[in-house]
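Every value quoted in this text rests on a predicted model; they were computed, and no experiment measured them. Worth knowing before you read on, the calculation uses all heavy atoms, side chains too, and leaves out hydrogens, waters and symmetry mates.
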Amino acid sequence: MRIFITLALLLTSSASAADTHDIVIYGGTSGGVTAAIQAARMGKTAVLIEPTKFLGGLTTGGLGATDIGNKKCVGGMSREFYQRVFKYYADPANWKDQTRDEYFASKAKRHGNDPNEDAMWTFEPHMATKIYDDMLKEAGDKVTVVFSERLDLKNGVKKDGARITSIVMESGREFAGMMFIDASYEGDLMAKAGVSYHVGREANEVYGEQLNGVQTTHAFSHQFIKNVDPYVKPGDPSSGLLPGIEKDPGVE
C-alpha cells in the first residue's frame, strides 16, 4: 500500500496541468498588452505570455516618436495611452534634458502647437513602460503576465478540429483558454495553428493590387535629389557596389 501511494504521488506531481484563462495572448507587444487590459475591463481573465523579459515591443524598446497623420483618427485605448503620456509630461518636474517650454517652443516652430491637444505623441521608452505597468496593475488579478516563455514550434499548438485548445511552451508549460490571440511580431502561433501566410510581398494579381511592391514610376518620397555614385570606387563598376546597394532595381 505504501509503494502504491508513493507511485501515485509521483505520477500526480509529474503531470503539470495547463494554466487556464478565458483568453491566452502570445506576445507582449503593445497589441498584446492592450488586448490583455481590454479583456480585464470586459470581466475576462487573460494571460499575457512574452518570450523576452520586457513588455511593450517597439513602443517601450525605443520607438518613442510616433508617426501620426490625422490625430483625430486615433481613439480607444491607443489614445488613452497617448493621453497618459501627455499627463505625465505636463509636469515640468519630469523634464530632465530640457524644459517643457523649450520642447514645445521647438515643436511649434516645426509643426505648430494645438492648444486643444489632449495627447502627446513623443515619449521616452521608460515612460511607455511605466504607463503599461500602471495600466496592467489597474487590471488587477484579471491579467497574469508571464515572461521568458517561448512557444514550442514543433508541438506547441494543441487543437480540437480547427479550434486551438491550448499552447505549450519550450519549457513544457501549457496554457489553455477559450480564445487565443497572436500578438507577436512573428506570427508563430497563427502559423503553427495552420493559418495560411505568405513571406514577402505577393504578386499584384493575387489580390488585384496595383500599388504593392517596388514603386518608382510615381515615387516622390525618400528619393535622392542628387546623383549618388553606388560603387566602392566612384565611377568604377568593376570595384563593386557599396554595402546595401542592390544591382537588381526590383519589379514594379
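Heavy atoms from other residues, nucleotides or ligands lying under 6.0 Å from NZ of Lys107 number more than 12. Within 6.0 Å of atom CG in Asp91, more than 12 heavy atoms from other residues, nucleotides or ligands are found, so the atom counts as buried in its surroundings. In the displayed structure, Lys87 atom NZ is contacted under 6.0 Å by at most 12 heavy atoms of other residues, nucleotides or ligands. More than 12 heavy-atom neighbours from other residues, nucleotides or ligands sit within 6.0 angstrom of OH on Tyr185. Heavy-atom contacts from other residues, nucleotides or ligands closer than 6.0 Å to CE of Met77 number more than 12. Under a cut-off of 6.0 angstrom, the local environment of CE in Met127 is crowded, with over 12 non-hydrogen atoms contributed by other residues, nucleotides or ligands. Annotation: Asn227, atom CG; neighbour count of heavy atoms from other residues, nucleotides and ligands within 6.0 Å does not exceed 12.
Judged purely by atom type and a 3.5 angstrom limit, Thr122 has no side-chain atom pairing as donor or acceptor with the backbone of Gly64. Under the 3.5 Å distance criterion, the side-chain polar atoms of Glu102 are matched with a main-chain donor or acceptor of Thr99. A donor-acceptor pair under 3.5 Å is absent between the side-chain atoms of Asp229 and the main chain of Pro234, judged by distance alone. With hydrogens and angles disregarded, a donor-acceptor distance shorter than 3.5 Å links the side chain of Arg79 to the backbone of Val74. Not a single donor-acceptor pair under 3.5 Å links the side chain of Asp152 to the backbone N or O of Glu170. Checked by atom type and distance alone, the side chain of Tyr26 pairs as donor or acceptor with a backbone atom of Leu151 at under 3.5 Å. At distances below 3.5 Å, at least one donor-acceptor pair connects side-chain atoms of Asp182 with backbone N or O atoms of Leu189.
When ring centroids are compared, Tyr132 and Phe81 come within the 6.0 Å threshold. In summary, the aromatic rings of Phe104 and Tyr89 are positioned with their centroids too far apart to meet the 6.0 Å limit.
The two residues Ala139 and Ala40 have their closest heavy-atom pair at CB-CB, 3.7 Å. Residues Glu174 and Ser166 come closest through the heavy atom pair OE2-OG, 2.6 Å. What you find for Ala128 and Phe123 is that their closest heavy atoms are CB-CE1, 3.7 Å. When every heavy atom of Ala39 is checked against every heavy atom of Ala46, the shortest pair comes out as CB-CB, 4.0 Å. Taking both residues in full, the closest heavy atoms of Lys233 and Ser239 are given as N-OG, 2.9 Å, listed atom of the first, atom of the second, then distance. Contact record, Ala193 with Ile164: CB-CD1, 3.7 Å, taken as the closest heavy-atom pair.
Put simply, NZ on Lys192 and CG on Leu153 are 5.5 Å apart, with the number rounded to the nearest 0.5 Å. Here Phe175 contributes atom CZ and Glu149 contributes atom CD; the two are 5.5 Å apart, rounded to the nearest 0.5 Å.
At a cut-off of 3.5 Å, with distance as the only test, no side-chain donor of Glu209 or Asn204 sits close to an acceptor on the other residue. No donor-acceptor contact under 3.5 angstrom links the side chains of Asp160 and Thr165, judged on distance only.
For the pairing with Glu50, the side-chain contact (heavy atoms from CB on, under 4.5 Å) check across Val146, Thr29, Leu55 returns one residue only, Leu55. A side-chain contact (heavy atoms from CB on, under 4.5 Å) with Val47 is found for exactly one of Ile25, Val24, Val145, namely Val24.
Salt-bridge check for Lys72 with Glu117: failed, with every basic side-chain N at 4.0 Å or more from each acidic carboxylate O. Taking the charged nitrogens against the carboxylate oxygens, Glu138 and Arg84 do have a contact shorter than 4.0 Å, which makes a salt bridge. Under the 4.0 Å criterion applied to side-chain N and carboxylate O atoms, Asp134 and Lys130 are assigned as salt-bridge partners. Salt bridge Lys96/Glu124: absent, no basic N to carboxylate O contact under 4.0 Å.
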